[in-house]
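Here the structure comes first, spelled out in structure tokens, and everything after it is commentary.
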2 protein chains.
Amino acid sequence: MNKTISDIAQMAGVAKSTVSRFLNGGSVSEDTRQKIERIIKQYNYVPNTFAQSLKAKKTSIIGTVVPRLDSFATSQTLIGIDEELRSNQYQMLIANTSQDMQREIDAIYDFARQKVSGIILLAAEVTEAHLKAVEDIRIPVLLVGQQHEQLHSLVHNDDQAGYEMGRYVVEQGHRKIVYIGVSEKDRAVGIYRKQGFQRAIAECGGCEVKYYETSFKMSEAIVTAEAILKEITPTIIVGATDNIALGVMKIAFSNKIRIPQDLSVTGFGGYDITEMIHPTLTTVKYHYLQAGKVAANHIIRLVKGESVEERTTLDVELIPRESVDKL
Amino acid sequence: MNKTISDIAQMAGVAKSTVSRFLNGGSVSEDTRQKIERIIKQYNYVPNTFAQSLKAKKTSIIGTVVPRLDSFATSQTLIGIDEELRSNQYQMLIANTSQDMQREIDAIYDFARQKVSGIILLAAEVTEAHLKAVEDIRIPVLLVGQQHEQLHSLVHNDDQAGYEMGRYVVEQGHRKIVYIGVSEKDRAVGIYRKQGFQRAIAECGGCEVKYYETSFKMSEAIVTAEAILKEITPTIIVGATDNIALGVMKIAFSNKIRIPQDLSVTGFGGYDITEMIHPTLTTVKYHYLQAGKVAANHIIRLVKGESVEERTTLDVELIPRESVDKL
DNA sequence: CTGAAAGCGCTTACAG
DNA sequence: CTGAAAGCGCTTACAG
């Protein structure tokens with residue numbers, strides 16, 4: 001059905017190797033160039049990528065492992081990666097693991113089998129198994145969103161995010177503060193983001209903060225927030241993610257607690273939806289799209305054997321909006 | 001670096017073909033089976049997929065073309081496709097086209113080059129170029145979200161969605177109605193969804209509806225809604241998508257128009273966020289996840305040469321919530 | 001500039 | 001059950 005390089009060569013009256021050379025930008029005489037070009041156009045010939053890869057022993061594919069597809073952060077990061085990869089003639093392959101860590105590991109090995117040139121790993125947690133996989137496959141890997149001393153990584157400045165939010169909360173006069181965080185297994189969000197916040201609070205003096213923990217799911221955040229509001233009456237609740245903040249707002253509305261008059265709320269992430277809702281949510285904007293682009297850039301450099309800084313940190317940006325009252 | 005089938009064969013003291021047979025589930029003696037198995041395990045051998053595909057002339061990869069990654073509908077559909085494909089030993093390859101039609105066409109040809117077994121196409125519009133591409137590549141293609149007489153397609157019941165929403169709006173006593181739709185180029189949303197709605201309205205009698213058009217972007221919906229609200233005062237605005245409805249709510253809040261007391265609002269889609277906001281949004285739920293699974297199922301059957309109905313229609317479900325007032 | 005040949009790592013009839 | 005051989009469609013030295 002499909003023409004092969006031999007067919008083209010035969011029809012053009014030259015050798016396969018000449019066609020191959022033409023295809024790969026080698027030097028051919030003007031005369032043969034025209035002949036080959038004509039035939040290729042005529043039959044719409046496209047080289048078989050498998051045969052190419054089999055010989056070349058490499059591909060221009062970058063595998064990206066994501067824990068989930070239905071998240072603003074993931075989508076934006078993927079778009080950034082895709083754009084940048086594309087403009088450098090690389091292709092993006094996505095493996096969704098649905099938050100299943102075993103699948104994350106499997107995906108790494110699968111990518112290796114498929115001879116991807118590099119792997120971008122968006123993981124919430126880096127375990128021994130991850131490290132072993134990365135070592136086994138001998139392919140460049142870039143970690144995004146988390147940092148690890150043994151891996152090249154690209155992170156958002158979670159400490160700065162937490163700190164700026166903490167300062168802002170304090171500056172707005174809040175003293176009875178609740179912080180709803182997540183598991184420390186996710187070091188970026190669970191530890192660094194919280195630590196930044198705590199640092200700001202420590203500088204404050206008479207500030208009192210109660211820390212709670214919930215999951216990344218809005219539904220669980222609602223339950224957590226409901227329990228909290230039954231017990232105490234903070235002037236502000238700081239959610240460690242926009243989703244958590246949205247959960248807090250939800251339960252507040254249900255209980256006729258007005259935001260921000262009765263309760264202020266903030267999040268982290270800067271999801272699009274946070275400025276569409278009412279009141280708009282004060283948050284710290286993470287530059288996911290840019291992160292994706294930088295990630296793509298770094299993995300390409302890694303693939304080419306160029307040097308890349310071990311860790312890159314992206315700035316974040318506090319965005320004050322309506323959900324916080326000044327006391 | 002990596003072992004090849006020859007290495008394994010040699011170390012096991014058998015022929016390559018024997019190893020290959022073992023790998024592909026052919027019959028081998030218990031004795032050789034054990035020898036081969038041991039060596040494979042020991043060296044962590046995995047076959048080179050390129051060489052396999054080069055011979056087999058096919059892959060177990062399904063390409064999925066999506067217009068955008070940052071949409072609830074897309075994410076959910078992709079997750080469904082991925083799950084189903086995975087459990088059938090197929091792999092999903094995603095091509096994001098960022099709403100660029102040329103890239104959509106290119107993606108189809110690219111997938112063909114990479115010898116995917118089938119293609120799932122999520123497109124808002126089917127042009128001659130699409131049709132030609134599908135014809136050229138001679139690979140099964142399944143269209144999702146739109147229907148076309150020349151293509152196998154899977155759609156949500158947009159007519160039903162529009163109709164049920166129309167009936168509901170009328171039943172709730174609304175008579176001054178605004179419907180904000182989208183371009184008819186997107187036949188599913190722009191035509192069928194609206195037609196269903198119109199059918200319900202026609203049955204009503206004294207109902208008056210004004211139709212407007214906007215884009216899928218929330219930001220544009222806000223502008224459109226603002227202009228409308230300056231001119232007239234409907235009792236309800238029906239957005240052709242949840243995003244449009246969200247835009248309407250946004251501008252209403254800004255103008256101190258209370259929902260639903262002063263203005264009711266509805267959408268279509270059933271995005272997660274619609275039940276997190278306040279008031280919760282009345283909408284028609286589309287089963288994207290299921291659509292993804294069915295799509296995967298159909299494309300697999302198509303790939304295997306099994307017969308698949310030309311068009312499959314998925315039911316939708318009206319979800320009454322707080323954003324509509326009973327008059 | 002051009003071509004013949006070897007080889008990438010598999011699979012698939014075909015003999016035995 | 002097992003193996004030798006051919007071939008999938010390319011690329012890459014190597015001669016000429």
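Every chain is numbered from 1 and lettered A, B, ... according to where its sequence line falls, protein lines coming before strand lines.
- No engagement by B:Ser53 is indicated, since no non-hydrogen atom pair under 4.0 Å with the nucleic acid exists.
- Identified under the salt bridge (Lys or Arg N to Asp or Glu O under 4.0 Å) test for residues 35-54 of chain B, with sequence neighbours left out: B:Arg33-B:Glu37.
- Taking the six-membered ring where tryptophan is involved, the planes of B:Tyr288 and B:Phe72 are perpendicular, since the angle between them exceeds 60° and thus also 30°.
- In secondary-structure terms, DNA chain C builds stems of at least 3 consecutive Watson-Crick or G-U pairs, each pair having both distances under 3.5 Å, at C:1-3 with D:14-16, C:5-12 with D:5-12, C:14-16 with D:1-3.
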**Message:** Base contacts versus sugar-phosphate-only contacts with protein, heavy atoms under 4.0 Å: please encode nucleotides 4-12 of chain D as B, S and - from 5' to 3'.
**Reply:** B--BBBBBB

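- Side chains of A:Glu83 and B:Asn96: a donor-acceptor N/O pair is absent below 3.5 angstrom, by distance only.
- In this structure, the side chain of B:Asp100 does not engage the main chain of B:Thr97 through any donor-acceptor pair within 3.5 Å.
- For C:dC1, the OP1/OP2 oxygens have no side-chain nitrogen or oxygen of A:Thr18 closer than 4.0 Å.
- A side chain to side chain contact (heavy atoms under 4.5 Å, CB included) with B:Lys3 holds for exactly one of B:Ile8, B:Ile39, B:Val46, B:Asn44; it is B:Ile8.
- For the pair B:Gln146 (side chain) and B:Ala124 (backbone), a donor-acceptor distance under 3.5 Å is present.
- Remark: P of C:dG3 and CZ of A:Phe22 are 14 Å apart, rounded to the nearest angstrom.
- Side-chain atoms of B:Gln114 and B:Ile61, non-hydrogen and from C-beta on, never get closer than 4.5 Å to each other.
- Put simply, the side chain of B:Arg103 reaches to within 4.5 Å of the side chain of A:Arg86, judged on heavy atoms.
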